[in-house]
**Student:** 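The structure follows.
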2 protein chains.
Amino acid sequence: MRLSEYEKLRISMDKPQAQELRIMHATLCKAIADPTRIALLYELSENPKHVNQLVEALKLPQATVSRHLKMLRERSMVYTRREGSYVFYTLADQRILDALDLMRAVKSDILNRHRSLAEVTGDL
Amino acid sequence: MRLSEYEKLRISMDKPQAQELRIMHATLCKAIADPTRIALLYELSENPKHVNQLVEALKLPQATVSRHLKMLRERSMVYTRREGSYVFYTLADQRILDALDLMRAVKSDILNRHRSLAEVTGDL
DNA sequence: TTTAGATATGCGGTTATCCGAATATGAAAA
DNA sequence: TTTTCATATTCGGATAACCGCATATCTAAA
């Protein structure tokens, strides 16, 4: 065994934390794992918008948009500011968009790879 | 109306595609939205590993690991190579890890923000 | 061909996610 | 205060995600 007692203790104390952190990590990722929320986040990347603007942009029922926004809000990925009777939503962190862009690029590459594979095997 | 007929046609043809692309985008994001798969991907970031190595690293039932690996494989996020009776899994795209790191950084910032907020309001 | 080790899958049950429809809340205007 | 517009929430049902357990498949060695 190569771990000191101190290190073992530290690890055993960190393990549950590490697990919890991974759950939080996954919780944030879940927030970007839905087509509607992806669309919402890209809408907000341009500038803050209020709910009706988002409803019009996405052409989805207001309740649906509102529920998805709530989920993003609960995770602190967007924040809100009231102006008159409108509630404006703002993207809290640009890196969320960066992560989405990365995954989108990965997706494009996978699609292209599959397409050229289909060409070769004659599946087109 | 400012769109030419050609542009309108292009858009109407692209719309369903755009929706489909967003679904694929979300499908890839779903793959990183689970604590177990996050752990798997970080394990594979170091170097390719076979299933038993992953089972030992994560201390989870082999069936569980295998099923999560299947999901990543079906989405082309990892690929496999057989060596004797072992199947080695390799991370297909480093950007998947980059995206995970971004989301992890966002998560840390959110946690810290909440912690310092708790200090101020005396919730610690 | 039989055995053993490594990996994958099928089945059943539990929990989580998502949505539509209706309704509640909250601010502003009448 | 009543009405109106914007936004949030609740309820119920459908679907999907996840897991444990058992078992199937595949490879290599005996």
Side-chain angles (χ1 to χ4, degrees), chain A residues 19-20 22-41 43-44 47-91 103, chain B residues 19-20 22-41 43-44 47-91 103:
Chain A
Q19 176 61 7
E20 279 227 278
R22 224 177 285 119
I23 290 174
M24 291 187 226
H25 195 172
T27 300
L28 278 203
C29 289
K30 272 195 230 293
I32 63 168
D34 174 275
T36 301
R37 289 192 293 274
I38 289 177
L40 281 174
L41 291 167
E43 282 297 327
L44 293 179
N47 45 55
K49 294 195 170 79
H50 59 72
V51 183
N52 264 353
Q53 288 178 309
L54 295 168
V55 167
E56 290 205 7
L58 272 64
K59 301 198 197 320
L60 286 174
Q62 178 265 326
T64 299
V65 170
S66 210
R67 256 183 286 118
H68 283 291
L69 285 172
K70 181 189 189 182
M71 184 183 171
L72 295 173
R73 190 175 4 107
E74 285 172 344
R75 287 162 176 70
S76 304
M77 296 167 76
V78 298
Y79 59 87
T80 58
R81 142 183 59 96
R82 173 148 234 140
E83 261 182 45
S85 49
Y86 295 94
V87 176
F88 281 82
Y89 278 79
T90 305
L91 183 65
M103 292 307 284
Chain B
Q19 176 61 7
E20 278 227 278
R22 225 178 284 119
I23 290 175
M24 291 186 226
H25 196 172
T27 301
L28 277 202
C29 289
K30 272 196 230 296
I32 64 168
D34 174 276
T36 300
R37 287 192 295 273
I38 290 176
L40 281 174
L41 291 166
E43 283 296 326
L44 293 179
N47 44 55
K49 293 197 170 79
H50 59 72
V51 183
N52 264 352
Q53 287 177 309
L54 295 167
V55 167
E56 291 204 7
L58 273 63
K59 300 198 197 321
L60 286 174
Q62 178 266 325
T64 300
V65 170
S66 210
R67 257 182 287 116
H68 282 291
L69 286 172
K70 181 189 189 180
M71 185 184 170
L72 296 173
R73 190 176 4 107
E74 285 172 343
R75 286 162 176 69
S76 304
M77 296 168 77
V78 298
Y79 59 86
T80 59
R81 143 182 57 97
R82 175 149 234 143
E83 262 182 43
S85 50
Y86 295 94
V87 175
F88 281 82
Y89 279 79
T90 304
L91 183 66
M103 292 307 284

**Student:** Measure from CD on B:Glu83 to C1' on C:dT7 and round the result to the nearest Å.
**Tutor:** 15 Å
**Student:** Quick check: closest heavy atoms across A:Ala31 and A:Met71, and the distance to 0.1 Å?
**Tutor:** CA-CE, 3.8 Å
**Student:** So which one's nearest nucleotide on DNA chain C is more toward 5', A:Arg82 or A:Lys30?
**Tutor:** A:Lys30
**Student:** Tell me which nucleotide among D:dA8, C:dA8, C:dC19 gets nearest to the side chain of A:Thr36.
**Tutor:** C:dC19
**Student:** Taking the six-membered ring for Trp, are B:Tyr86 and B:His50 parallel (under 30°), tilted (30 to 60°) or perpendicular (over 60°)?
**Tutor:** tilted
**Student:** What contact category does B:Ser66 fall into here, base, sugar-phosphate, or nothing, at under 4.0 angstrom with non-hydrogen atoms?
**Tutor:** base
**Student:** Could you check how far NZ of A:Lys59 sits from C1' of C:dC19, rounded to whole Å?
**Tutor:** 20 Å
**Student:** Among C:dA8, C:dA6, C:dA21, which is the nearest nucleotide to the side chain of B:Val87?
**Tutor:** C:dA8
**Student:** Considering only D:dT7, D:dT9, C:dT9, which nucleotide approaches the side chain of A:Gln62 most closely?
**Tutor:** D:dT7
**Student:** Counting only side-chain heavy atoms from C-beta out, which of C:dT9, C:dC18, C:dT7 sits nearest to B:Lys70?
**Tutor:** C:dT9
**Student:** Please walk me through it: do A:His68 and A:Leu72 pass side-chain contact (heavy atoms from CB on, under 4.5 Å)?
**Tutor:** CA-CA 7 Å; A:His68 283 291; A:Leu72 295 173; 5.7 Å; no
**Student:** What is the distance from CG of A:Leu58 to C1' of C:dC19, rounded to the nearest Å?
**Tutor:** 15 Å
**Student:** For a quick check, tell me whether the side chain of B:Arg67 and the base of D:dG20 share a donor-acceptor pair closer than 3.5 Å.
**Tutor:** yes
**Student:** Roughly how many Å is it from CZ in B:Arg81 to C1' in D:dT27, rounded to a whole number?
**Tutor:** 17 Å
**Student:** Expressed in angstrom and rounded to an integer, what is the separation of A:Glu74 atom CD from D:dA8 atom P?
**Tutor:** 12 Å
**Student:** How long is the line joining CG of B:Leu54 and P of C:dA6, in whole Å?
**Tutor:** 14 Å
**Student:** Looking only at heavy atoms, what is the nearest atom pair of A:Gln53 and A:Pro48, with distance?
**Tutor:** OE1-O, 4.5 Å
**Student:** Minimum heavy-atom separation for A:Leu44 and A:Leu91, please, with both atom names.
**Tutor:** O-CB, 4.1 Å
**Student:** Rounded to whole angstrom units, what separation is found between the NE2 atom of A:His50 and the C1' atom of C:dA27?
**Tutor:** 15 Å
**Student:** Rounding to an integer number of Å, can you tell me how far B:Ile38 CD1 sits from D:dA17 C1'?
**Tutor:** 15 Å
**Student:** Choose from C:dT7, D:dT7, D:dC19 the nucleotide whose nearest atom is closest to any side-chain atom of B:Thr64.
**Tutor:** D:dC19
**Student:** Please determine if a side-chain N or O atom of B:His68 lies less than 4.0 Å away from the OP1 or OP2 oxygen of D:dA17.
**Tutor:** no
**Student:** Is B:Asn52 near enough to C:dG5 that one of its side-chain N or O atoms lies under 4.0 angstrom from OP1 or OP2?
**Tutor:** no
**Student:** Taking the nucleotide of DNA chain C with the nearest heavy atom to each, does A:Ser85 or A:Met71 sit closer to the 5' end?
**Tutor:** A:Met71
**Student:** Looking for any heavy atom pair under 4.0 Å, which part of the strands does A:Tyr89 touch: base, sugar-phosphate only, or nothing?
**Tutor:** sugar-phosphate
